Amino acid sequence: MSFQSGRWAVPTPTRALAAVSLIVLSLLALAQLQVGPNKSRYAARSENLEQADKPFLSKARATTAGDKYLIGVGKADITGPVVEINFAGYANLEQVGSGLRQRIYARSFIIGEVSTNNRFVYVVLDTQSGDTAVRNGILEGLASLGSGYAMYGRANVAVTGTHSHSGPGGWFNYLLPQLTSLGFDRQGYQAIVDGAVLSIKRAHESLQEGYLDFGTTRVSDANVNRSPSAYLANPESERAQYTDDVDKTLTLLRFKRASDGKNIGVLTWFAVHPTSMQGNNTHVTGDNKGLAAYLFEQSVKGDDRAADGFVAGFSQANVGDTSPNVLGAWCEDGSGQMCDFYTSTCSDGTAQSCYGRGPMFHKLDLGVSSCAVIAQRQFSGAKEIYDSLDSTSTAVVGPTVRSFHYFQDMQYYTFPLDNGTIVQTCPAALGHSFAAGTTDWPGLFDFTQGDSGAPDNPLWSVVGGFLRVPSPEQKNCQEPKPILLDVGEMSLPYAWSPNIVDVQSLRVGQFIVIVSPSEASTMAGRRWRNAVKAAAFDSGLAGDHEPFVILGGPANTYAHYVTTPEEYAVQRYEGASTLYGQWELPAYINLTLRALPFLAPTASGSPPPGPSPPDNRERSLSFITGVVQDNAPPGTSFGSVKTQPANSYSRGAIVTATFVGANPRNNLRLEGTFAAVEKLGSEGNTWTQVLSDADWRLVYSWKRANFLLGYSEVTISWETDQQLDAAGTYRLKYYGDAKPLIGNIRAFTGTTNSFTLS
Ligand SMILES: *[C@@H]1O[C@H](CO)[C@@H](O)[C@H](O)[C@H]1NC(C)=O
Ligand SMILES: *[C@@H]1O[C@H](CO)[C@@H](O)[C@H](O)[C@H]1NC(C)=O
Ligand SMILES: *[C@@H]1O[C@H](CO)[C@@H](O)[C@H](O)[C@H]1NC(C)=O
Ligand SMILES: *[C@@H]1O[C@H](CO)[C@@H](O)[C@H](O)[C@H]1NC(C)=O
């Protein structure tokens, strides 16, 4: 098959355009003729167009065994610095880490053909997104593992993020998302890269023959649309095909090994922003997706259908306009009013006091309780599918495993819409509403508001001067977006945002995954999936089987949002953050369809790689300072207990202790822990660790007590639970590492007195 790079010169509204349109129109007419029969075959089954928004209407294939594949799963710790680093997601300068509630992970899933090297790797990171820097690091890490890993590379590794907003930032390739973290943080970057590579290595080492099947369920109460007024701009006839203004469907893909029929993992997709933890939370967590994964992995311990090392991935879908704040957006200004439907403003005319409410908003615990509920709802949906799969699932069938990946420069990509009109995309730009933030947290990037002076940010002081006025061509291209930050035309001191994106899709049997670099809005995701499904039908990609299409992301790079052109016209936050102009979605669809033949059973190879995006890892600025020194106040030593727990607690109480601490950035303790709960054995002389940093209910907090002298304090809190914790004798343990002004970092531990829980 042939692959045209399809990059045409920017058309001017002249005869050239007319000529091009004519050619394209006739090509389309020709194409129409050729695919005629398959189009009608597709139309006959178009009731299933909404597949991912409804429970899958499968012709019960439970008794039909699927094909055999090579399957493998792996998980590894990616927790970077948990203190003194800004969190990625809310772009809130004040949201700087002060501790850890739950370690964050990379979860990798490998699927391959049994007797070839055709494979793909789907990585789910508990991070804000996939990213070019992280992806480059992962690919280099895989290459360094030797020839046994040579089958993994650019084309078949998908690096997705759950879109969590409660983990350390500073690992991005581009300048804009580096701004609030004060630049690039190599320590956190390396933690993500090393953990991701380790998770892939573990998945590779676990490869064995097995089966895949999938099912869907409706999770009605875990997401709402946070920009419903923009959604309403989509045609009524299109909206009428769907019951909701967000996708309520959770899809689960199960990995079952052939040797003994045990399940080794599940990979799920559901669209909801992991913004349950709010913009003033400063404890690292995996937010609702990370917690759902934890709940699932805990739930199969001791279940004889599940293999040891079971991995549950909760991946993100068309997340763009979704929110976990299911009770709606309210004015926290004492008025008791909901925010304005169209503008999200409150009585003062701004959106500064407009906050979405999670299911447990009245518990002012930085979103912890709401997060637990939204996680539980996703987990329950996934568990329901898992428990019923043997009777209701659809087997993945067709031995083909394929993937494609190429880079596309989105600056003035010219292509025809469905009706033949030639349009183009633009260099990246963010509109005015980008600065307003969302109802999940208002007032992003406060330094862009007004002109009352620059923010208190040393990185901004250096780069602020590079802001540029958009060219007339860019202004025109981005219409009707009023440009706030012309990021795609700013490459000093290095690129601010991607102009070059990753175009990638994966396929196993009839199961197709679109890997999106942008957060697709609900309707954008539906259009993209439907277009791929229709094209897969037309080309007979899945043979006799109904193609099933999923969209995962944000992945590979962070290209902000993609809305429909109609939503773009409304220019709410998501439209203002649709970087490449109003035709970005049709362009993404064109770029995916163009390479779809590379997923065919007869296809080999990948499209030409396209232009390489800039690699800013070595040129990135950083104003992040390292740890200078740690000291213990006179009369104490590191790990000394400053405040002991009480002698006894009833289950449900919070147990706390405070220690003489040291900076946790000295040693990330990857695959280890800063905090632990130990239980005394019945014979009375052995202590066993029962909870660690992996557990949601054990919280590690670090506080600097004196900067000059290097004193700090660590508090460990255990939120005990009536059901989950057994009565008994316990103690808390703190694992730390101290850095002297001169000399080597030294590990230490602290241990509390024992106490009883009844
Ligand atoms: C995508 O756009 C290119 C022009 O850039 C065009 O040649 C091609 O036919 C389009 N493909 C699809 C599937 O629309
Ligand atoms: C965090 O933000 C929420 C939402 O406005 C607010 O209700 C809560 O009081 C804040 N918590 C703290 C500790 O500032
Ligand atoms: C094609 O569709 C676009 C987007 O809806 C519209 O702007 C354009 O006018 C249409 N062109 C024709 C020839 O109908
Ligand atoms: C139509 O589908 C069949 C298989 O279902 C395939 O063999 C054929 O090539 C397709 N035709 C076109 C024009 O894509």
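Hydrogens, waters and symmetry mates play no part in the numbers below; they use all other heavy atoms, side chains included. Residue indices begin at 1 and follow the sequence shown. As the structure is a prediction and not an experimental result, all values here were calculated from the model. Each ligand, and each atom within it, is numbered from 1 in the order the structure gives.
Residue N419 approaches ligand 3 through these ligand atoms, each under 4.0 Å from one of its heavy atoms: 1 (C), 2 (O), 3 (C), 8 (C), 10 (C), 11 (N), 12 (C), 14 (O). Within ligand 3, counting atoms from 1 as listed, the ones closer than 4.0 Å to a heavy atom of L417 are 2 (O), 3 (C), 4 (C). The ligand atoms of ligand 1 that sit less than 4.0 angstrom from a heavy atom of L593 are 13 (C).
In this structure, atom 5 (O) of ligand 3 is not in close contact with the protein, since no protein heavy atom lies within 4.0 Å of it.
Proximity of A535 to ligand 1 is not established, as no heavy-atom distance is less than 4.0 Å.
With T414, N590, I422 as candidates, the residue nearest to atom 10 (C) of ligand 1 on a non-hydrogen basis is N590. Counting heavy atoms only, T421 comes closest to atom 11 (N) of ligand 3 of the residues D418, V423, T421.
Checked against a 6.0 Å centroid threshold, the rings of F214 and W269 do not count as neighbours. Aromatic ring centres of F434 and H432: separated by at least 6.0 Å. With ring centers used as reference points, Y573 lies under 6.0 Å from Y561.
R529 has a carboxylate O that lies under 4.0 Å from a charged side-chain N of D247, or vice versa, which qualifies the two as a salt bridge.
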Exercise. Under the side-chain contact (heavy atoms from CB on, under 4.5 Å) rule, what do D213 and T394 come out as? Steps first, then yes or no, please.
Key: CA-CA 5 Å; D213 51 17; T394 302; 6.0 Å; no
Practice problem: Begin with the C-alpha distance, continue with both residues' side-chain angles, and end with the deciding distance and a verdict on side-chain contact (heavy atoms from CB on, under 4.5 Å) for Y406 and L591. | Solution: CA-CA 10 Å; Y406 64 99; L591 294 167; 3.3 Å; yes
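Ring-plane geometry between F511 and F548 is classed as parallel, the angle between the planes falling under 30 degrees on a 0 to 90 degree scale with a further cut at 60.
Of the polar atoms of W583, none of the N or O atoms is found under 3.5 Å from an N or O of ligand 3, judged by distance alone.
Looking at L591 against ligand 1, nothing comes within 4.0 Å, counting heavy atoms.
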